[in-house]
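For reference, positions follow the sequence shown, starting with 1. Keep in mind it's a predicted model, so treat the numbers as computed, not measured.
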Amino acid sequence: MLRSEACLVSTPLTQERGNNLRRKRFQKGSLQSFKHGRHRVWRALWRENGIRVCKTLGRQSQMSKSEAEAVLAAILREANSGQGGTTKPVYTFEEFINEVYLPFCRSTWKESTAATSEQIIESHLVPELGKTILHAIRRQVLQDLLEKKARELSQSVVAHLRWFLSGIFKLAMSDGLVLSNPAAELRIPRKCQPGRAMRPLNEEEVIKYLEVLGLRERLIARLAIFEGLRPGEILALRWRALEGCALRVEQRVYKRVLNTPKNGKVREGAVSDGTLALIEEWAELAEDPSPEGFVFPSEKLTTPLSLDNLWRRYMQPALEKVSLEWATFQVLRKTNASLSKKAGVDPKVASDQRGHGLGVSLEVYTSSDLEQKRDALKKLEAAVLRKLQPDSGQATANPA
């Protein structure tokens, strides 16, 4: 009786267990040569949960048959592994950008960063790679893309494309969608289109730049040149953030939307004596000097001044008179970094004042002028010659 009851209980469980352990049929899939428009492409077919799936892997001119077979094998690897569960999704480059990469990045990108980054990706990468399956993209295809873009874009833009490609495939690799990062070892082509010249202002040009501006614009320019603030940080300043010879960068504004500073952290900066004098002069004219009032308000007083209006209506026309209209706020930031280095300011202190990392400070914003290079050579030459002179009565051997 006990045995009979046990059999009755175990029979359905055994049947259920048998159904769960039943392996799916091993799939090899199939690969077809298919004409798509003017191009012949590799098309892969397989089944997922009994449903037929078809994906274009890439053009035959860019992918050999063995490479296409390898891509198909990678797609089917998990389905044939016997580990159960569903296979990882198969994305085209465009699908991965829109469904995974951009949503992931938007969670941390500032609005200004998102606007420029998405524009670059959508304009230069998606049209070229969008319909290609992510698995199928190889390093040579990406390097050829950079070579093509170098014929029409500046080195700076091409470098951004390389950076985005590396980040895209790094994320795909972390999700197990590709086995390796084909963009990891890409090189920027030697011959790119010349970009917009963006040298820093020299000392004489800084003086000329400030002299031609009115009080408000001169104060804003000084905050960029001497204090190293970004334009969005300057225009978001409130009177409460100015305390004696110090200021706090608490907010920034982009397209009239207030947000946290670029790195998400409030930082304290110093104020130079000349800028402090202009602040005191400007404070006497403030229509709303309350702690919550904006230092540079719009006509409404409750919103900050528009950067576009500031530049187009007030700064650019004045600077055109002295041929310095090319010196945008990006140039002023580069000027702060370069002149700080020339003045012997500690690089870490200067980068902390500007609110970015030391590496970015030295590699992106800081440049050396001819005078600094000549001075460096003089110091090197003097150091070598000192070694050739007799020291403590002991003559150094003739280097010849």
Side-chain angles (χ1 to χ4, degrees), residues 15-104 121-122 124-148 164-186:
Q15 292 173 349
E16 185 178 346
R17 188 181 301 113
N19 290 334
N20 288 339
L21 295 177
R22 187 176 299 150
R23 288 177 176 268
K24 295 180 181 179
R25 244 179 113 179
F26 183 86
Q27 293 192 74
K28 291 184 178 180
S30 63
L31 192 66
Q32 296 180 348
S33 175
F34 181 76
K35 189 169 184 181
H36 182 71
R38 295 180 299 170
H39 305 281
R40 295 204 72 82
V41 299
W42 294 115
R43 187 168 66 175
L45 296 95
W46 70 95
R47 288 186 178 276
E48 289 184 5
N49 299 322
I51 300 174
R52 190 168 179 247
V53 178
C54 176
K55 276 283 186 180
T56 299
L57 302 183
R59 295 179 184 176
Q60 292 185 18
S61 60
Q62 299 176 340
M63 178 188 297
S64 66
K65 184 177 181 180
S66 60
E67 288 177 328
E69 289 172 343
V71 171
L72 177 57
I75 293 172
L76 297 176
R77 185 176 293 115
E78 186 173 343
N80 291 327
S81 66
Q83 296 175 358
T86 58
T87 59
K88 293 186 185 302
V90 179
Y91 292 103
T92 64
F93 183 86
E94 184 174 16
E95 288 170 345
F96 183 74
I97 291 297
N98 293 330
E99 297 176 25
V100 181
Y101 181 74
L102 289 181
F104 175 76
I121 293 170
E122 296 291 345
H124 299 295
L125 297 182
V126 171
E128 301 286 345
L129 303 169
K131 302 306 179 184
T132 308
I133 197 167
L134 207 61
H135 279 293
I137 299 175
R138 298 292 181 262
R139 182 180 66 241
Q140 191 57 51
V141 172
L142 300 181
Q143 189 63 55
D144 291 343
L145 173 59
L146 293 187
E147 296 285 349
K148 175 183 176 181
F164 283 125
L165 285 170
S166 181
I168 289 165
F169 283 98
K170 187 182 295 184
L171 181 62
M173 191 168 67
S174 72
D175 287 350
L177 301 176
V178 296
L179 299 179
S180 61
N181 184 348
E185 296 298 328
L186 293 179

Find out whether [X] and [Y] are in side-chain contact, i.e. whether some heavy atom of one side chain is under 4.5 Å from a heavy atom of the other.
{"X": "Leu125", "Y": "Ile97", "answer": "no"}
{"X": "Val126", "Y": "Asn98", "answer": "no"}
{"X": "Phe34", "Y": "Thr56", "answer": "no"}

Partners meeting side-chain hydrogen bond (donor to acceptor under 3.5 Å, both in side chains) with Glu99 (sequence neighbours left out):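 Not a single residue meets the side-chain hydrogen bond (donor to acceptor under 3.5 Å, both in side chains) criterion with Glu99.
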Let's go through Thr92 and Lys55 carefully: what are the C-alpha distance in whole Å and the side-chain angles of both, what is the deciding distance for side-chain contact (heavy atoms from CB on, under 4.5 Å) to 0.1 Å, and is it a yes or a no? CA-CA 9 Å; Thr92 64; Lys55 276 283 186 180; 4.1 Å; yes
Listed by chain and number, what are the ring pair (Phe, Tyr, Trp, His ring centres under 6.0 Å) partners of Phe169, not counting sequence neighbours?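 Partners of Phe169 by the ring pair (Phe, Tyr, Trp, His ring centres under 6.0 Å) criterion come out as none, since no residue qualifies.
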Tyr91: which residues meet the ring pair (Phe, Tyr, Trp, His ring centres under 6.0 Å) condition with it, sequence neighbours left out?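 Checked Tyr91 against ring pair (Phe, Tyr, Trp, His ring centres under 6.0 Å); matches are Phe96.
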What residue pairs, at least two apart or across chains, pass side chain to side chain donor-acceptor pair (under 3.5 Å) with a residue in residues 125-143?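 Sorted result for residues 125-143: Glu94-Lys131, Glu128-Lys148, Gln140-Asp144.
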Could you report the tightest heavy-atom contact between Ala172 and Leu134, atom names first, then the distance?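 Looks like CB-CD2, 3.7 Å.
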Starting at [atom1] of [X], measure out to [atom2] of [Y] and round the result to the nearest 0.5 Å.
{"X": "Phe93", "Y": "Leu165", "atom1": "CZ", "atom2": "CG", "result": "5.5 Å"}
{"X": "His39", "Y": "Gln60", "atom1": "NE2", "atom2": "CD", "result": "12.0 Å"}
{"X": "Arg52", "Y": "Ser30", "atom1": "CZ", "atom2": "OG", "result": "7.0 Å"}

Quick one: list whatever passes side-chain contact (heavy atoms from CB on, under 4.5 Å) with Gln32, sequence neighbours left out.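 With sequence neighbours excluded, Gln32 shows a side-chain contact (heavy atoms from CB on, under 4.5 Å) to Arg43, Leu45, given in chain and number order.
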What pairs meet the salt bridge (charged side-chain N to carboxylate O under 4.0 Å, His left out) rule with one or both residues in residues 31-40, with sequence neighbours excluded?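 Not a single pair qualifies under salt bridge (charged side-chain N to carboxylate O under 4.0 Å, His left out).
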One pair to check against side-chain contact (heavy atoms from CB on, under 4.5 Å): Leu142 and Leu129. What are the steps and the verdict? CA-CA 9 Å; Leu142 300 181; Leu129 303 169; 3.8 Å; yes
